[in-house]
There are 2 protein chains.
Amino acid sequence: MSEPRPGVELLWGAPRTPARGPRPGLSLERIVGEAVAIADAAGVAGLTMPGLARRLDAGTMSLYRYIPGKDDLISLMIETATGDAPRLDVSDGWRPALTHWAHATRTVLLAHPWMLDVVTSPRVMGPRELGWLEEGLRALSVLALPPMRRFDLALLVNGYVRGVALEQVHGEAVAAQGPFFTPELLTEHGREADFPLLMEVMESFPFDAPAGDGEDARFAFGLERLLDGIETHFGGAAV
Amino acid sequence: MSEPRPGVELLWGAPRTPARGPRPGLSLERIVGEAVAIADAAGVAGLTMPGLARRLDAGTMSLYRYIPGKDDLISLMIETATGDAPRLDVSDGWRPALTHWAHATRTVLLAHPWMLDVVTSPRVMGPRELGWLEEGLRALSVLALPPMRRFDLALLVNGYVRGVALEQVHGEAVAAQGPFFTPELLTEHGREADFPLLMEVMESFPFDAPAGDGEDARFAFGLERLLDGIETHFGGAAV
DNA sequence: GCTCGATGCGTATCGCATACGCAATAGGGG
DNA sequence: CCCCTATTGCGTATGCGATACGCATCGAGC
């Protein structure tokens, strides 16, 4: 038996258009759009139902006429912020396509860092999000592998993208709340002898470098390594 | 000027032993240990100050005599659950050592899945956690690279481990709340034509396979690819 | 035994998610 | 054309979590 799960219908069903009753003063699109804007600016922690209602000039409880609960709102936010998957060009083989896919995924995650906090929760993926997976599979479809193996590879690359994005966002958040990753942390507690290699790193830390570029380069570099590894292993499987 | 930030002292300072006053009925160790046990069983969402106090047979506010706030508690939980970094044997080169390091990291994350939810928040790392980084750097120290570059590589591998663990935990959580990743999701909404490759995957999904083993293999495989890539790029840099 | 730095914790505040119910609204069948 | 009813807006209320505050109490050293 399939349970109703109203949230799934919001993601997958057709938009509801009621026949009778007062005209709705809000719309799912407006609610979700404003929620995404709030989360972009203040993170998921800054997104509250009263706060969202205030931005929409509505009563708090009015929101619940449109969504069953906050969890469903977040699912819809993910679906909206994700956007449509890029159309990949696989004519040059899987590697350029998968590279493009990975970079596009990273761009989305960095544009909406709160997504890194919420994609973990148990939830149902929407059509847009599955569209991204489908495109990833399409990039890999030129490899003569069982579908399940291609799926593994798509998740592998996706996991890499997430992990590195998480690392970057985390690092930036820590840096924003004050200098922490400095030699002083260790010397002040007399622990510098326990972390000789970290001391080296901290001392050479270029705090003045433009953070974004370095992160992009680090990401691209790691991605190339990962794809190199895939290629040496599966390169011969090209159709 | 360095601000006080009491949480940092809890992580890095010496254990406080008060001279006067009533004997403390609780201890940091007991509080943090019980908190980790709760989070292991119920996730961070299941960890509340009143709930924790109840397990400890204490009043809720008593906890605040030991920790400044919940955030600091979580920092301490991470530090405790992380455990001591494994001593790596680098005599066979960087690759076996780094492999061991990555697997050990993964083991910790899967033993305490809530860590994946909280490592993102802006926080200060403790000595144990930095010890892991130090060990990762030690594995890479046999490569003749600038310290910063070795640091990048350590974060790269760490990011990969996190990303894949996140993916696995997320997938398991979704699966636990009912079948979702099935062809029916698509066919029920008449969208099967939009996701031909996903349909293939869903149809071949072996729901009966032992999940853990498959995930371990997938992780190990991806890690090998990543290290392969690093090796082909930096292999010549061995000291 | 007095003092003063601690501790245990009841009480209170504040913010959040969300259930419930009532009043206002408006398309459509009679 | 009007009333019926599905529907909306939202005030009010509940319950829970984090945490500030203050009081009663404790106990090591004088």
Side-chain angles (χ1 to χ4, degrees), chain A residues 5-7 9-10 13 15-32 34-35 38-39 42-77 114 117-118 121-123, chain B residues 5-7 9-10 13-32 34-35 38-39 42-77 114 117-118 121 123:
Chain A
R5 276 194 292 190
E9 277 317 301
L10 275 181
R16 243 168 30 94
T17 50
R20 276 181 289 238
R23 205 130 347 139
L26 298 172
S27 70
L28 254 191
E29 289 67 37
R30 225 161 72 78
I31 292 174
V32 174
E34 209 64 43
I38 292 174
V44 250
L47 175 68
T48 69
M49 300 304 273
L52 176 57
R54 216 172 305 123
R55 301 256 186 159
L56 292 162
D57 264 314
T60 304
M61 293 313 293
S62 303
L63 300 176
Y64 288 92
R65 292 287 179 196
Y66 299 84
I67 45 169
K70 198 181 183 180
D71 288 351
D72 305 276
L73 173 62
I74 287 179
S75 288
L76 290 168
M77 289 168 63
W114 51 268
D117 295 333
V118 294
S121 65
R123 67 200 172 74
Chain B
R5 277 194 290 189
E9 277 316 300
L10 276 182
R16 242 167 30 94
T17 49
R20 276 183 288 240
R23 204 132 347 138
L26 298 172
S27 70
L28 254 191
E29 289 67 37
R30 224 160 73 78
I31 292 173
V32 174
E34 208 64 42
I38 292 174
V44 249
L47 175 68
T48 69
M49 300 303 273
L52 176 57
R54 217 172 305 123
R55 302 256 186 158
L56 292 163
D57 264 315
T60 304
M61 293 313 294
S62 302
L63 300 175
Y64 288 91
R65 291 288 179 196
Y66 299 83
I67 45 169
K70 197 181 182 179
D71 288 352
D72 306 276
L73 173 61
I74 288 179
S75 288
L76 290 168
M77 289 168 63
W114 51 268
D117 295 333
V118 296
S121 64
R123 68 203 170 71

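When reading the values below, keep in mind they use all heavy atoms of this one structure, side chains included, and skip hydrogens, waters and symmetry mates. Chain A is the first sequence line, chain B the second, and so forth, proteins listed ahead of strands; every chain is numbered from 1. Remember, it's a predicted structure, so these values are computed and weren't measured experimentally.
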- Would you say the side chain of A:Leu56 lies within less than 4.5 Å of the side chain of A:Arg30, judging by non-hydrogen atoms? yes
- Task: Report yes if a side-chain nitrogen or oxygen of A:Arg20 is closer than 4.0 Å to either non-bridging phosphate oxygen (OP1 or OP2) of D:dC4; otherwise report no.
- Result: no
- Item | Value in whole Å for how far the C1' atom of C:dA24 lies from CZ of A:Arg23 | 14 Å
- D:dT8 phosphate, OP1 or OP2, under 4.0 Å from A:Arg16 side-chain N/O: yes
- Item | Closest to side chain of B:Pro24, choosing from C:dT7, D:dC10, C:dT18 | C:dT7
- Query: Taking side chain as C-beta onward, heavy atoms only, is A:Arg55 less than 4.5 Å from A:Ile38?
  - Reply: yes
- Counting only side-chain N and O atoms of A:Tyr66, is one of them less than 4.0 Å from OP1 or OP2 of D:dT8? no
- Validation row: B:Leu76, B:Ile31 side chains within 4.5 angstrom (heavy atoms): no
- Atom CD1 of B:Ile31 and atom P of C:dT7 are separated, to the nearest Å, by 11 Å
- Task: Indicate the atoms forming the closest heavy-atom contact of B:Met77 with B:Leu47, along with that distance.
- Result: SD-CD2, 3.6 Å
- Query: Looking at DNA chain C, which of residues 44-51 of chain B put a heavy atom within less than 4.0 Å of it?
  - Reply: none
- Item | Euclidean distance, atom CG of residue B:Leu52 to atom C1' of D:dT19 [Å, nearest integer] | 14 Å
- Message: So A:Ala58, base contact, sugar-phosphate only, or nothing? Heavy-atom distance under 4.0 Å.
- Response: sugar-phosphate
- Kindly say whether B:Leu26 contributes a backbone atom to a donor-acceptor pair with the side chain of B:Tyr66 at under 3.5 angstrom? yes
- Task: For B:Gly21 and for A:Gly21, find the nucleotide of DNA chain D with the closest heavy atom, then tell me which residue's nucleotide is more 5'.
- Result: A:Gly21
- To the nearest Å, how far apart are B:Tyr64 OH and D:dG22 P? 18 Å
- Rounded to whole angstroms, how far apart are CG on B:Leu63 and C1' on C:dG10? 14 Å
- Nearest-angstrom distance from the residue atom CE of A:Met61 to P of C:dG21: 13 Å
- Nearest non-hydrogen partners of B:Pro68 and B:Leu10, listed with the distance: CD-CD1, 3.5 Å
- Query: Which heavy-atom pair separates A:Leu63 from A:Met49 by the least distance, and what is that distance?
  - Reply: CD1-O, 3.4 Å
- Task: In whole angstrom, give the distance that lies between atom CZ of A:Arg65 and atom P of C:dC20.
- Result: 12 Å
- Between CG of B:Leu56 and C1' of C:dG8 the distance, given in whole Å, is 13 Å
- Query: Given that B:Gly69 and B:Pro22 both sit by DNA chain D, which one's nearest nucleotide is further toward the 5' end?
  - Reply: B:Gly69
